[in-house]
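Both ligands and their constituent atoms are indexed starting at 1 by order of listing.
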Amino acid sequence: MCGIIGVNGCMAAPVLLDGLKRLEYRGYDSAGVAVLESDGIRTVKCRGRVDALIEKLDRLPPFTGTLGIGHTRWATKGEPSDENAHPHTCGRFSVVHNGILENDGALRDKYLRLCPFSSETDSEVIAQLLNRLYNGDPLQTVAKTADLLAGSFALAVLCADAPDTLFCVRRSSPLLVGLGEDGGLAASDLSAFADRIQTLYRLADGEIAAVHRNSVDFYTFDLSPVDKQPEPFDRVQATAEKGGYEHFMLKEIHETPSAVRRTVQAAGAFDAAAFDKPSRIFITACGSAYHVGEAAKFVWEELLGVPVEVGIASEFRSRTLPLPEGSLVVTVSQSGETADTLAALRESKRQGVPVLSIVNVPHSTIAAESDHVFYTKAGVEVAVATTKAYVAQLAAVYAIGLALAERWQTAPGQRIERLKKELSRLPAAVEEALPCERRMRELAETLPAGEPVFFVGRGQGAAAAMEAALKLKEVSYLPAQSVPAGEMKHGTISLIHAGTPVFAFCLNEALNARMQSNIDELRARGAAVTAVSLTDDIRAQSLLRLPQVPELFAVSVAVIPMQLLSYYAARRLGCDIDKPRNLAKSVTVE
Ligand code: M6R
């Protein structure tokens, strides 16, 4: 993870700090900047958030240089500390790194045995190598160093002997370069500099950029020039403000209807004719995006009559999974940069299987490497806990399912037409789910601190339960567990005692009788059960009636109250809602 930024051409420090604030969602353990001043490179860094860095800088003489780099860290190798913070500066070079090196030990042994290291990071190896290999030609040295590195890396590099050039390098970690009135810029993602650039380029794997004030040269690692065209981009989509809300998470929950509306409207661009009916569909993703896959399984199996297997992307490569000929792989990712999802995508392509990806962030690596992309239109999502993007991904799943069912004639035409109409109504239904906010706030007050909360369901209800539990634990730190309702009695029910909060998702009429039995079993052991239901005939301590939608679309409305519950539980417990501890928005390490 980590966010990196570089600038060449204007007062560097304010641009770096502004960019780091916007990149902070990528990691917030420590932060730092290095600027080329008249007397050489000056580096300031510290443990903690970008605000801690700003406070530290306020006590120091101001920077005046126009060439600089910055970093906000999510610790991988080496604990969060001042020493392990980036940039790492060595001799004439300073570097910021996003990614993980796989051969840092071997490089230390081979090239850097006598070098004094001041941190525990793999990234310092890069700074030491640049210094060790320096032959008076900064570009050559950067290229030679890049070629020796194994693993994932996006780098921004300063050399004291190249005051007019910011060097950028990429393999497997995202890096964008832009040109505008403030000069040349580079960053891990567009939101860091969208309002400062007119022209945008995306570095491909194995490329170097030499970024000047008004131009940029691209090379491969063997320094062959690369002819690269700028990419179109949407400046408004790339920036986000809180707009009067206390937290991005709450603002983004309230933006869900428009995120769904835009996504449904964009579905017309999906070309179902590009897909032959596969023998099997494999969906792979991480976290909430994986939970979208769990819901998609029910929707697509019913509409398409194709067996669907859903797998966590980090486990995709842990098995020897021969993808049968005629399969389709689907990845789901808000950021489009999640390393495990990207690795699964690459493995699928290696096996010759086409990949369709549902992605929110344009210019992302997963979008660029997929055979087919369905862009959700959730807009920028800043809070680490995904909300509107998750529901937009579900809307994409419904739209894709209907388009393919129509194309492959796997569902009756009348049913497809009716569901299409319902899909166009989904933004309104999602909006109808929001007024439960006050009730969820009150319910959040009743969740006992430190006590586990359970989420159960069957079918799509089990998928909704998974997402509800993740949301609650990630933002409020309350122990939360999801269990398929029928599985409770095979072990987990031993944790139920008087007053244990349980949320039971009843999203499918055909399964409700069995859900009712499971709810009764829990109540008999003292659980305080709230039924989250499409109908009002379920008996529980309390009932949360959802807006009317077809059962196939139920998860998208069922999850909204749970997002609000999580938000208010976290608020009551004084948690850092938009940046929960130990997490980052974009997980670019495996
Ligand atoms: O960017 P992605 O959708 O690929 O991210 C996947 C997960 O890291 C993400 O959904 C994560 O689980 C969220 N923090 C959950 O709110």
Side-chain angles (χ1 to χ4, degrees), residues 1 3 25-28 74 173-174 188-191 247-250 252-253 256 259 263 283-296 310-316 330-346 355 357-370 373-376 378-394 396-397 463-464 466-477 480 482 559-560 562-567 569-570 575-590:
M1 280 94 88
Y25 72 88
R26 301 178 70 90
Y28 30 87
W74 187 85
S173 295
S188 302
D189 89 40
L190 185 57
S191 64
H247 297 98
F248 276 109
M249 183 178 176
L250 189 59
E252 288 162 1
I253 293 171
T256 306
T263 301
I283 306 177
T284 185
C286 302
S288 296
Y290 159 70
H291 299 157
V292 168
E294 286 289 348
V310 191
I312 291 175
S314 55
E315 288 298 303
F316 194 85
V330 177
T331 78
V332 185
S333 178
Q334 187 286 129
S335 63
E337 300 294 350
T338 300
D340 287 314
T341 309
L342 182 59
L345 180 160
R346 287 178 175 163
V355 179
S357 292
I358 299 172
V359 178
N360 194 45
V361 177
H363 313 288
S364 57
T365 311
I366 290 175
E369 295 195 14
S370 299
V373 183
F374 186 115
Y375 281 109
T376 48
V380 183
E381 194 178 61
V382 177
V384 166
T386 183
T387 53
K388 62 174 180 172
Y390 169 85
V391 184
Q393 286 163 347
L394 288 172
V397 162
M466 292 166 103
E467 176 59 9
L470 177 64
K471 208 84 314 172
L472 184 64
K473 67 182 133 187
E474 80 172 320
V475 294
S476 74
Y477 316 148
S482 68
V559 77
I560 306 273
M562 299 297 107
Q563 294 171 345
L564 290 164
L565 178 82
S566 307
Y567 173 79
C575 301
D576 192 345
I577 295 178
D578 286 336
K579 297 192 185 84
R581 68 183 176 215
N582 301 336
L583 291 173
K585 181 81 178 157
S586 176
V587 184
T588 55
V589 293
E590 287 184 34

Could you go through Thr386 and Gln393, starting from their C-alpha distance and side-chain angles, then the distance that decides it, and tell me whether this counts as side-chain contact (heavy atoms from CB on, under 4.5 Å)?
CA-CA 11 Å; Thr386 183; Gln393 286 163 347; 5.5 Å; no

Tell me, with the steps shown, if Leu583 and Tyr28 meet side-chain contact (heavy atoms from CB on, under 4.5 Å).
CA-CA 8 Å; Leu583 291 173; Tyr28 30 87; 4.0 Å; yes

Enumerate, one pair per line, all nitrogen or oxygen atoms of ligand 1 lying under 3.5 Å from a protein nitrogen or oxygen, stating the separation to 0.1 Å; write 'none' if no such pair exists.
from	atom 1	to	atom 2	distance (Å)
ligand 1	1 (O)	Ser335	N	2.8
ligand 1	1 (O)	Ser335	OG	2.6
ligand 1	1 (O)	Thr338	OG1	3.4
ligand 1	3 (O)	Gln334	N	2.6
ligand 1	4 (O)	Ser333	OG	2.6
ligand 1	4 (O)	Thr338	OG1	2.4
ligand 1	5 (O)	Thr338	OG1	3.4
ligand 1	10 (O)	Ser288	N	3.1
ligand 1	12 (O)	Ser288	N	3.3
ligand 1	14 (N)	Val384	O	3.1
ligand 1	14 (N)	Glu474	OE1	3.0
ligand 1	16 (O)	Ser288	OG	3.4
ligand 1	16 (O)	Thr386	N	2.9
ligand 1	16 (O)	Lys471	NZ	2.9
ligand 1	16 (O)	Glu474	OE1	3.4
ligand 1	16 (O)	Glu474	OE2	2.3

Return each pair, listed once, that meets salt bridge (charged side-chain N to carboxylate O under 4.0 Å, His left out) where at least one residue sits in residues 358-370; pairs must be two or more places apart or across chains.
Arg346-Glu369

For Ile577 and Val475 the tightest heavy-atom approach is O-CG1, 3.9 Å

Go through the steps to decide whether Thr263 and Phe374 satisfy the test side-chain contact (heavy atoms from CB on, under 4.5 Å), and finish with yes or no.
CA-CA 9 Å; Thr263 301; Phe374 186 115; 3.9 Å; yes

Under 3.5 Å, is there a donor-acceptor pair linking the side chains of Glu294 and Tyr290?
yes

